[in-house]
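Here's the structure we're looking at; comments come further down.
Model, not experiment: these values are computed from the prediction. Read the numbers this way: they start at 1 and go in the same order the structure lists the ligands and their atoms.
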Amino acid sequence: MKDHSPILPGATIGFLGGGQLGRMTAFAARSMGYDIAVMDPDPDCPAGPMASRLITAPYADADAAAELARGCDVVTLEIEQIPLATLEAAAALAPLRPGVDVVHMIQDRGRQKSWLHSHGFPVGPHRIVESEEDCVDAVRTMGASIIKSCFGGYDGRGQARVSDHVEAAEGWHTVGAARCVVEGFLDIADELSILVARQSDGSCSVFPPARNHHVNGVLAWSVTPTGLDAAVERDARALGRAVAEASGIEGLLAVEIFLLHDGRLLVNELAPRPHNTFHATERACATSQFEQLVRTICNLPFGDTTILDPTAIANMLGDLWTSGTPEFTEALSVAGVRLHLYGKKSARPGRKMGHLSGVGADYAHALVRTLDAYDALGGAPADRRSMEPHAASARIRP
Ligand code: AMP
């Protein structure tokens with residue numbers, strides 16, 4: 001029997017993973033009066049300063065996860081790459097929300113794609129491959145492709161783009177994984193994401209969609225509202241909600257969606273946790289994704305997700321630190337802009353160090369302010385392509 005009773009402020013929430021997502025969720029939880037415990041391999045992890053109890057251990061340490069869960073009323077996670085034995089050890093001692101099975105399904109890209117496909121959700125052409133030969137063969141069939149490692153790849157890592165089967169062998173070795181998904185290269189007009197909160201009693205709340213722009217496979221900026229046609233948004237929300245319901249998740253499910261030039265919506269991938277493309281909810285919506293996660297896993301009423309202020313965010317990667325500290329003062333002189341830093345000590349290129357958020361009268365105003373502030377940081381200028389949706393008038397009908 002599932003327990004739907006509320007876990008009230010004063011209780012302790014445990015986090016498997018103490019990166020920026022854990023840190024921002026912990027801020028929200030702290031302000032609601034919860035205590036925080038964190039397990040992370042890095043003693044300097046971003047969520048560490050928020051925690052009363054920090055367990056430094058690798059994710060493969062199931063005993064450490066049990067130790068974490070023992071002192072917690074509920075345990076959640078901010079990273080899906082956690083071994084099954086660790087998830088099970090935590091779940092044996094405290095409710096683990098999002099749930100062991102859904103994380104297990106999501107954490108292997110191949111397993112996730114097969115699950116989506118077998119549940120009738122729209123995905124692009126793909127094939128799971130376990131050898132160079134299979135990989136070359138898949139690319140020969142699909143043409144230009146992206147080879148993605150089934151495990152561990154994120155933010156464009158663990159991936160190779162190949163234009164034909166001649167490049168496929170090199171791509172297979174560049175990725176260097178035993179199991180990959182080969183995906184046909186899609187004709188994407190716009191990228192959206194949907195965030196669904198689902199409680200253990202099956203009730204759901206869906207955030208307004210975000211529209212996202214990636215550079216080299218990494219999120220550069222995101223904006224809410226999207227500026228897309230209302231019919232596209234409605235269909236994307238329905239798709240995201242259906243995926244969340246089928247998955248049985250208890251927590252947040254982010255559903256990344258491609259809108260193709262021919263008008264189709266395809267699911268790219270899932271994440272069972274807060275998502276970079278919903279950082280804007282801290283300012284855009286009456287309830288942030290972080291507070292919604294806390295409410296969801298504690299069986300409290302969902303917060304209102306109505307948009308109060310159109311908001312954009314721009315990610316700040318470690319590259320901005322190459323020639324010293326970025327020009328924060330300049331960036332903060334732009335009206336409506338705030339700085340969010342994650343407290344990471346070393347700024348490696350490609351590492352997410354923080355983001356800027358900016359509110360405006362509408363999505364375009366918010367985005368211009370945010371990217372102006374980004375440019376003021378003094379690094380390479382923001383990529384301003386796709387500020388207008390490409391497919392604003394696309395109508396999606398099955
Ligand atoms: P992912 O790591 O799967 O989230 O991919 C990161 C980004 O790469 C996406 O947001 C897209 O911009 C791009 N991408 C991923 N898969 C494909 C695909 N099959 N075709 C074209 N672009 C893709």
Would you please determine whether G217 falls within less than 4.0 Å of ligand 1 on a heavy-atom basis?
yes
Would you kindly specify which portion of V218 sits under 4.0 Å from ligand 1, judged on non-hydrogen atoms: side chain, backbone, both or neither?
neither
Output the list of atoms in ligand 1 that are nearer than 4.0 Å to some heavy atom of I146, sorted by atom number.
14 (N), 15 (C), 16 (N), 17 (C), 18 (C), 22 (N), 23 (C)
From SG (C180) to CD (Q159), nearest 0.5 Å:
10.0 Å
Enumerated ligand 1 atoms positioned under 4.0 Å from heavy atoms of N268
1 (P), 3 (O), 4 (O)
Which is closest to atom 22 (N) of ligand 1 in terms of heavy atoms, L186, V182, I188?
I188
Location of contacts on M142 toward ligand 1, heavy atoms closer than 4.0 Å:
neither
Could you check whether any heavy atom of S145 sits closer than 4.0 Å to an atom of ligand 1, since that is the contact criterion I want to use?
no
Determine, using ring centers only, whether H279 and F290 are less than 6.0 Å apart.
yes
Please identify which of these residues, K345, K344, R23, meets the salt bridge (charged side-chain N to carboxylate O under 4.0 Å, His left out) condition with D44.
K345
Closest heavy-atom pair and its distance - H365, G360:
ND1-CA, 3.3 Å
Closest to atom 13 (C) of ligand 1 among K148, R161, H213 (heavy-atom distance)
R161
If you take all heavy atoms of L377 and A331, which pair is closest and at what distance?
CD2-CB, 3.7 Å
Is E78 paired with R273 through a side-chain N to carboxylate O contact shorter than 4.0 Å?
no
When you look at CD of E245, are more than 12 heavy atoms from neighbouring residues, nucleotides or ligands closer to it than 6.0 Å?
yes
Going by the order shown, which atoms of ligand 1 are within less than 4.0 Å of some heavy atom of E191?
9 (C), 10 (O), 11 (C), 12 (O)
Would you name the heavy atoms of A168 and C135 that are closest together and state the gap between them?
O-SG, 4.1 Å
For atom 5 (O) of ligand 1, which candidate among E269, H214, Q159 provides the closest heavy atom?
Q159
Please verify whether a non-hydrogen atom of R109 lies at under 4.0 Å from ligand 1.
yes
Within a distance under 4.0 Å of any heavy atom of E256, pick out the atoms of ligand 1 and give their elements.
4 (O)
